[in-house]
Amino acid sequence: MRRVLVIVAAVLAAGVSAVVPASAAPAASVCSVDGGDPDGFTGKRTRASAVAVDAGRTVAVDLRSALDSAGQQFAWARISAPGGLLAGDAVWVEITTDSGATWAVCGATSAAAGVAQVWTPGFATSQAASVRMVGVVETAAGVVARTPTW
């Protein structure tokens, strides 16, 4: 993700028009951080998981959900690694509201070296079949893994 942002920034700085892929959704309409820090949520459940293996190092990503104090369900992604994360390991949630035609990258969060886990803010879930979420991890070396869609 960081490489893409650097390339886009370099293109824009050079005065070249950027073309946004058809699959990119406007983040503001999808990524409103309604839930904030999920640490205080109740009834936490892991909805989907994946693992990124980077030169023998394993970084797990979990897409989780829980309820806030008002009973609203939120979802977020969390990464963890045995022995701690590396600076530059990152996690985010990809959200679609149109059955996968477009996806928005939401809540991108980078780890500090040595922390056990890092998570994104919570994003409101929906009963609508068109709304789906995926948890994504990108290791500091650029290895990416995505959870199955929930």
Side-chain angles (χ1 to χ4, degrees), residues 1-9 20-150:
M1 183 171 107
R2 288 181 297 282
R3 286 185 206 97
V4 172
L5 293 176
V6 169
I7 291 169
V8 170
V20 177
S23 63
S29 64
V30 177
C31 298
S32 101
V33 180
D34 300 313
D37 186 351
D39 196 42
F41 292 173
T42 60
K44 295 176 185 168
R45 297 174 53 186
T46 298
R47 299 299 185 153
S49 297
V51 174
V53 179
D54 177 8
R57 187 171 78 96
T58 301
V59 182
V61 58
D62 298 311
L63 184 63
R64 310 219 349 121
S65 71
L67 303 175
D68 70 0
S69 60
Q72 167 68 49
Q73 185 178 42
F74 290 89
W76 69 96
R78 172 185 71 186
I79 57 173
S80 59
L85 296 166
L86 297 180
D89 288 340
V91 61
W92 62 89
V93 177
E94 292 179 355
I95 302 173
T96 181
T97 58
D98 56 13
S99 301
T102 59
W103 290 84
V105 173
C106 304
T109 305
S110 293
V115 298
Q117 60 183 351
V118 170
W119 54 87
T120 68
F123 299 95
T125 62
S126 172
Q127 295 289 335
S130 61
V131 177
R132 299 180 190 147
M133 299 179 172
V134 172
V136 183
V137 59
E138 180 179 10
T139 69
V143 176
V144 176
R146 287 176 166 76
T147 67
T149 303
W150 175 65

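Please read all numbers here as calculations on a predicted model, not as lab measurements. Scope of the values below: all heavy atoms of this structure, side chains included, with no hydrogens, waters or symmetry mates.
The main-chain N or O of R64 is never found under 3.5 Å from a side-chain atom of D62 such that the two would form a donor-acceptor pair. In this structure, the side chain of D89 engages the main chain of A140 through a donor-acceptor pair within 3.5 Å. Here the side chain of T96 pairs a donor or acceptor atom with the backbone of T102 at under 3.5 angstrom. At least one donor-acceptor pair closer than 3.5 Å links the side chain of T125 to the backbone N or O of Q73.
Distance OG/S110 to CD1/I79: 8.0 Å, rounded to 0.5 Å. If you take CD on Q72 and CG on L67, they are separated by 8.5 Å, rounding to the nearest 0.5 Å. Once rounded to the nearest 0.5 Å, the distance linking CH2 of W92 with CD of E138 reads 4.5 Å. Considering CH2 of W76 and CZ of F123, their distance stands at 12.0 Å, rounded to 0.5 Å.
Contact detail for R47 and S65: the closest heavy-atom pair is NE-OG, 2.7 Å. A pairwise comparison of heavy atoms in S49 and T46 identifies OG-CG2, 3.3 Å as the closest pair. Pairing each heavy atom of S80 with each of Q117, the nearest pair is CB-CB, 4.1 Å. Taking each heavy atom of W150 and L63 in turn, the nearest pair found is CB-CD2, 3.7 Å. Here the closest heavy-atom approach between residue T139 and residue D54 is recorded as OG1-OD2, 3.1 Å. Shortest non-hydrogen contact noted between A124 and M133 is O-CE, 3.4 Å.
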Derivation and outcome, side-chain contact (heavy atoms from CB on, under 4.5 Å), residues V61 and V91: CA-CA 8 Å; V61 58; V91 61; 4.3 Å; yes
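Donor-acceptor pairing under 3.5 Å is lacking for the side chains of D98 and S130.
The salt bridge (charged side-chain N to carboxylate O under 4.0 Å, His left out) pairs that include a residue from residues 139-150 are E94-R146, where partners are two or more places apart or lie in different chains.
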